[in-house]
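Shown next, in structure tokens, is the structure this report addresses.
Because the structure is predicted, anything quoted here is derived from the model rather than measured. The analysis underlying the following values was restricted to heavy atoms, covering all of them including side chains, and did not include hydrogens, waters or symmetry mates.
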Amino acid sequence: MDTLIPTINRLQEVFLTVGAEVIQLPQIVVVGSQSSGKSSVLESLVGRDFLPRGSGIVTRRPLVLQLVNIAPLQERQKTENGNGINQNASNSYSGVKAEEWGTFLHCKNQIFTDFQQIRQEIETETERTSGENKGISPEPIYLKIFSPKVLNLTLVDLPGITKVPVGDQPEDIEAQVQEMILSFISNPNSLILSVSPANSDLATSDALKLAREVDPDGRRTLLVVSKLDLMDAGTDALEVLLGRVIPVKLGIIGVVNRSQHDINTQKKLEDSMRDEQAFLQRHYPSLASRAGSRYLAKTLSRLLMHHIRDCLPELKTRVTVLSAQYQTRLNSYGQPVEDHSATLLQIVTKFASDYCHTIEGTARYIQTSELCGGARICYIFHETFGRTLQSIDPLGGLSELDILTAIRNATGPRPALFVPEVSFELLAKRQIKRLEEPSLRCVELVHEELQRIIQHCSSYSTQVHNLVAIELAYINTKHPDFADAAQVSASVNSQQISHCQAEALDGGKRWKNEKVAEEKAPPAGFGSPSKGRAINLLDTAVPVARKLSSREQRDCEVIQRLINCYFLIVRKSIQDSVPKTVMHFLVNFVKEHLQSELVGQLYKQTLLQDLLIESQDTAQQRTEVAQMLEALKKANNIISEIRETHLW
Ligand code: GDP
Ligand code: MG
């Protein structure tokens with residue numbers, strides 16, 4: 001079975017890699033009548049002399065023999081020394097200085113390097129529970145054999161089938177033993193080695209009968225015919241071995257084990273194998289190549305190999321799936337940076353162009369969940385900003401009383417013939433100033449959007465400040481769209497006359513807005529007092545609850561109309577120029593200078609290493625994933641090799 005060891009060990013590597021359950025090799029169970037040679041067969045399979053054998057009932061408790069393949073002593077010592085510390089501390093065999101040894105479950109800490117002692121311990125332990133006088137016990141003895149020469153395999157030696165109770169055996173000894181045997185061989189993962197001696201009639205074989213009960217199709221039963229050397233003179237087992245008496249699907253293998261005499265004289269296992277072969281050549285020349293302990297071992301290897309191969313497709317699928325998963329993960333980590341400066345330039349350029357594309361609306365991935373980039377800026381200009389401007393009342397916050405007070409303040413000590421232009425100008429400025437706040441808000445919104453595309457900070461509000469300041473700097477009464485003051489006066493005058501007539505009929509209606517003026521009166525002046533440009537509207541307490549004279553009403557209306565007209569002109573211009581300014585000074589500026597600015601700030605030799613430094617986690621994960629992928633590739637190769645391997 002030596003040929004299987006390297007295969008199993010390599011498979012072990014695969015299992016470690018993919019973290020799958022280790023392939024469970026079938027456990028091999030020997031069954032047969034008492035003294036048929038079961039223990040002898042097992043021993044020759046293991047290749048070591050350690051099981052109690054002999055005539056009468058020797059095996060009286062099940063022996064579960066777990067073989068564990070380990071590295072040769074030399075290799076084990078090398079790795080232990082290499083590690084400095086003993087990394088295998090958790091392994092029960094770390095530090096053991098023997099090539100092969102055994103341990104028992106019932107005395108875990110004791111290491112048996114002498115196989116004679118193992119046999120002794122089995123006997124002692126058997127006697128402990130089953131007494132000294134041939135009693136039996138279903139309680140198994142667990143023995144582990146560690147060796148570089150064994151397969152990872154479990155063998156079970158069982159007491160033989162007996163009919164008549166002897167010694168301390170109970171009346172129902174036959175039933176008890178049968179039950180014990182059945183409990184082991186009914187496990188579908190066990191291979192039944194049914195041992196029948198050649199010197200008794202196969203048809204009476206209790207072993208085969210029991211095996212049939214649990215394996216009616218004979219898919220896991222192998223017949224071993226022992227004691228070929230003990231047949232009566234003139235008889236041979238040829239018919240039996242050829243399967244003509246009872247066919248057995250997996251095969252019938254004849255063996256010659258060591259006789260009691262051989263055991264007594266401590267005949268070596270190798271010598272008995274050689275003699276066995278010679279015996280077979282002499283008596284069964286036609287079958288010699290398909291009989292004997294060695295052939296039995298080979299056959300078992302083949303059966304185990306078939307079992308392994310049956311498990312391989314599933315294992316291969318697992319490896320393939322894992323490989324694909326790890327490859328995807330590895331790809332997602334990208335390549336480690338080699339040329340720092342080129343990479344940085346690439347990143348900056350790509351970023352800048354992505355940024356511009358988002359503003360232009362030419363980005364490769366178009367957002368569908370919300371407006372972004374250029375589209376959002378357009379929305380801000382026309383919806384948010386445009387609508388806010390439209391909703392501003394030219395005369396908002398300016399009551400007739402305010403106007404009147406302003407006129408009076410502007411006139412000074414002398415009564416004036418005409419409405420003083422200064423009052424119009426001051427009031428117009430105050431109203432125009434109200435456009436500044438929404439305009440600045442517009443800049444902020446666009447700026448926020450630009451930041452949202454990327455955090456890019458700088459102040460672009462000054463230009464819009466200036467736009468309003470420009471309007472305030474000069475009230476252009478000669479603006480082509482601005483109504484002529486004289487015309488307004490004239491039209492107001494003519495209207496006023498009819499208004500006065502109506503009022504007279506009315507019995508003297510009070511100034512309709514005076515109440516509002518009372519409530520809304522600002523605490524102090526308008527505009528920014530600190531700049532000293534303001535005139536105080538309420539300084540000279542103009543009596544608020546009184547009827548306006550027709551002159552006052554006329555003056556008020558003139559100013560109102562002028563402000564209204566002028567305000568609309570300015571608002572139109574602001575509504576037009578703010579988006580243009582924002583585009584020019586903010587959006588387009590960012591677009592044009594983003595790349596050069598980034599390169600200027602970031603593309604420095606001293607920064608290169610720091611900027612492109614990879615997080616340790618990523619680097620480590622990439623290495624780990626790459627290693628895993630390598631291991632999976634190797635695992636895949638191993639699986640393919642095993643599938644192609646022909647052991648014979
Ligand atoms: P078990 O009770 O089935 O485990 O049988 P053992 O392996 O203990 O063998 C019983 C006895 O038969 C021992 O004395 C063995 O030496 C002897 N024996 C087993 N197989 C053979 C064989 O093939 N030829 C000879 N001559 N003796 C055998
Ligand atoms: Mg035995």
Side-chain angles (χ1 to χ4, degrees), residues 388-439 468-469 471-477 479 482-483 485 488-489 491-493 495-496 499-500 503 508-571 574:
T388 312
L389 280 200
Q390 287 299 331
S391 71
I392 295 176
D393 175 8
L395 293 172
L398 191 65
S399 70
E400 283 170 318
L401 199 57
D402 294 342
I403 297 172
L404 219 52
T405 312
I407 294 173
R408 288 177 67 172
N409 279 339
T411 319
R414 284 162 286 108
L417 279 177
F418 303 105
V419 179
E421 208 174 315
V422 186
S423 60
F424 157 70
E425 215 176 296
L426 285 173
L427 291 173
K429 280 182 184 176
R430 167 179 153 154
Q431 295 308 94
I432 289 167
K433 188 88 173 127
R434 290 162 63 232
L435 296 175
E436 188 178 52
E437 200 271 331
S439 304
V468 180
E471 292 297 343
L472 296 178
Y474 181 62
I475 300 296
N476 181 15
T477 48
H479 192 287
F482 189 55
V488 173
S489 288
S491 102
V492 169
N493 276 341
Q495 269 182 11
Q496 201 63 39
H499 179 73
C500 285
E503 214 168 66
K509 220 173 36 179
R510 297 191 70 191
W511 185 248
K512 57 179 173 174
N513 261 357
E514 62 191 16
K515 264 236 145 60
V516 182
E518 264 179 303
E519 283 159 12
K520 281 197 179 171
F526 70 90
S528 169
S530 62
K531 290 182 185 164
R533 282 194 277 121
I535 51 174
N536 264 337
L537 292 170
L538 295 176
D539 273 0
T540 52
V542 173
V544 289
R546 69 172 172 84
K547 196 176 170 190
L548 295 184
S549 69
S550 59
R551 162 76 190 272
E552 279 173 336
Q553 279 190 28
R554 215 170 48 227
D555 287 354
C556 246
E557 195 161 333
V558 169
I559 293 288
Q560 277 175 335
R561 285 209 190 179
L562 290 175
I563 289 176
N564 197 39
C565 177
Y566 194 77
F567 185 86
L568 294 183
I569 294 169
V570 174
R571 182 169 73 184
I574 292 280

Backbone N or O of Ser399 within a donor-acceptor pair of the Asp402 side chain at under 3.5 Å? yes
Of all residues at least two apart in sequence or in a different chain, which pass the side chain to side chain contact (heavy atoms under 4.5 Å, CB included) check with [X]?
X: Asn476; value: Tyr474, Lys478, His479, Tyr566
X: Thr388; value: Pro438
X: Glu425; value: Lys429, Ile475

Reported [atom1]-to-[atom2] distance for the pair [X] and [Y], which is rounded to 0.5 angstrom:
X: Leu435; Y: Leu389; atom1: CG; atom2: CG; result: 6.0 Å
X: Leu568; Y: Ile563; atom1: CG; atom2: CD1; result: 11.5 Å
X: Ile559; Y: Glu400; atom1: CD1; atom2: CD; result: 12.0 Å
X: Ile407; Y: Asp555; atom1: CD1; atom2: CG; result: 4.5 Å
X: Gln560; Y: Leu427; atom1: CD; atom2: CG; result: 10.0 Å
X: Glu471; Y: Glu436; atom1: CD; atom2: CD; result: 11.5 Å

Residues which pass side chain to side chain donor-acceptor pair (under 3.5 Å) with Arg571, listed by chain and number, not counting sequence neighbours: none
Least distance between heavy atoms, Gly396 atom then Gln431 atom: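 Shortest heavy-atom contact: O-NE2, 3.0 Å.
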Smallest separation among heavy atoms of Phe424 and Thr477, with atom names: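 Closest approach of Phe424 to Thr477: CE2-CG2, 3.6 Å.
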For Glu557, is there an ion pair with Arg554 - N to carboxylate O distance below 4.0 angstrom? no
With a 4.5 Å cut-off on side-chain heavy atoms, are Asp393 and Phe567 touching?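 Sidechains of Asp393 and Phe567: no contact.
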Non-neighbouring partners of Arg434 that pass salt bridge (Lys or Arg N to Asp or Glu O under 4.0 Å), sequence neighbours left out: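 Salt bridge (Lys or Arg N to Asp or Glu O under 4.0 Å) check on Arg434 returns nothing, list empty.
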